[in-house]
Amino acid sequence: MTTITKEIKSDRKKVPVKGMMDNVLEQFNSAANHIDLHPNIRKILNITNNEIIVNFPVKMDNGEVKIFTGYRVQHNNALGPYKGGLRYHPTVDIDAARALAMWMTWKTSLAGLPYGGGKGGIQLDPSKYSQGELERITRRFTFALADNIGPEHDIPAPDVNTNSQTMAWIADTYMSTRPPAERTANQHVVTGKPTGSGGLEGRDRATGYGVFLNIKFWAEKNNESLEGKRFIVQGFGNVGYWASYFMEMEGARLVAVQDAFGSIRNPNGINVEDLFNYSILNNGSISGFPEAFELDNEKFYSTECDICIPAALGNQITKENASSIKAKLIAEGANGPTNVEGEKILLEKGVMIIPDILCNSGGVVGSYFEWLQNRNGELWQLDEVMQKLDKKMRESFIKVFDYSEKEGLDLRTAAYCLAIKRIEKAYIQRGIFP
Ligand code: NAD
């Protein structure tokens, strides 16, 4: 994510994050039924391994001490260390962290990575704090998490309202609290770091590029071109911006955007770089962008378009708005943007959904490359990273697409089946201790 330095007003919408856990469990159980998952393994995967809640004090700029609550949920590590982002947002709570951690388990498994799933964050609105306060909050949170994270145990990454700067603070704090001889060897405790501090060239764009690639693969399967296709994007942060950037490069036209503060529309196309300069670099929001019309927030999802990219928060496409969606493809940049009821309506309408655990997995694949790079003391070039990412995303897409056709399943259920089978196999091979 690019740092937003301006003071910005708090979030416009109340997001019903509570339902996210119901969604992920319903999605999981429906796929588990399809593959006839072993009941013992179903029991294990239905719950999280560890849930860490930390309350910690931080001194504010005015000398006042505030108490913050941070979360880290470790869902499953059958395939490797827990992996997943840290989110700074008022909606972060234990339920949201649980659901997001589970999604990470399916995502890393589907991508064939040697990782499990975790997620966490702090319940706060970062726009209300100075950069210095955010640094102290992040460092104290890292200290509070202590040995619950680690490069071979649980490896956080950026998510909503956290970025490479946040990761640099975490890495520095974590390394500083290790015994001297171990410090630098722990750089890969987080991924998504700045390139000068062990970060991977291209990690910033990896998620958005992966979203774009999935859309491109879908177009190829349908013998279509993206040239002239109209797309809309909810969330113009790291994922939304980079997905738009690559879509525009391929000739597609961005016709509507929504962020936390408003919605804009221009049927003739919104220039992605101009919007980036206006919103991310200068105003902290897309609202008021001069080369577009203001759009009623409620009308955003019913905008005429071919492709819709939700890239903000969970539970955005529901039974309230699914039937009005015009797009024939939903490419889920966000985690959990479509709830179960919304998905049912879309599938009945014949809308194709590229599910989050496939569509936005470019981020965790990029994180894996960064982790390998740090572990092996290597420095990879951007073109090498993009090529490797391309290959990995294509393999995953084809795997899911083929399985969905073979089994007559929608893409989400197909992706879940493949992800769960890989974990089931590991449990069957290893057995249950003792
Ligand atoms: P970000 O903080 O960079 O951007 C978030 C964007 O969403 C901002 O434009 C914000 O204004 C907007 N937003 C927030 N609340 C909103 C609301 N209620 N309505 C409309 N817009 C709203 O975050 P990001 O890293 O781009 O993450 C976006 C989504 O992608 C999240 O669901 C995240 O979990 C998922 N994701 C991110 C990555 C990654 O590598 N960053 C990887 C995989 C998935």
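First listed ligand is number 1; within each ligand, the first listed atom is number 1.
Using a cutoff of 4.0 Å between basic side-chain nitrogens and carboxylate oxygens, D154 and R72 are scored as salt-bridged. Ion pair E152/R375 flagged as a salt bridge, since at least one NZ, NE, NH1 or NH2 atom sits closer than 4.0 Å to an Asp/Glu carboxylate oxygen.
Annotation for ligand 1: atoms under 4.0 Å from non-hydrogen atoms of R203 are 40 (O). Those atoms of ligand 1 with a heavy atom of N161 less than 4.0 angstrom away are 2 (O). Atom numbering of ligand 1 starts at 1 in the shown order; those under 4.0 Å from a heavy atom of G235 are 6 (C), 7 (O), 9 (O), 12 (C). Heavy-atom contacts of A312 reach the following atoms of ligand 1: 7 (O), 13 (N), 21 (N), 22 (C), 28 (C), 29 (C), 31 (C), 32 (O) (cutoff under 4.0 Å).
Rounded to the nearest 0.5 Å, atoms CZ (R87) and CG (L100) are 5.0 Å apart. Atom CZ of R230 sits about 7.0 Å away from atom SG of C305, to the nearest 0.5 Å. Atom-to-atom distance recorded for E294:CD and R265:CZ is 12.5 Å, nearest 0.5 angstrom.
Between F236 and ligand 1, a contact under 3.5 Å exists for at least one N or O pair. Inclusion of F261 in the set of residues having an N or O under 3.5 Å from an N or O of ligand 1 is not warranted. Ligand 1 has an N or O atom lying under 3.5 Å from an N or O atom of R87, backbone or side chain.
Contacts between A311 and ligand 1 below 4.0 angstrom, taking non-hydrogen atoms only, involve the backbone exclusively.
Proximity annotation for atom 40 (O) of ligand 1: of I280, T207, T91, T207 comes nearest, heavy atoms only.
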Using the ring-ring contact (aromatic ring centres under 6.0 Å, His included) rule, take Y129 and F68 through it: C-alpha gap first, then chi angles, then the decisive distance, then the call.
-> CA-CA 12 Å; Y129 300 93; F68 292 87; 5.6 Å; yes

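Legend: ring pair (Phe, Tyr, Trp, His ring centres under 6.0 Å) pairs involving residues 152-172, not counting sequence neighbours, sorted by first then second residue: Y82-H153.
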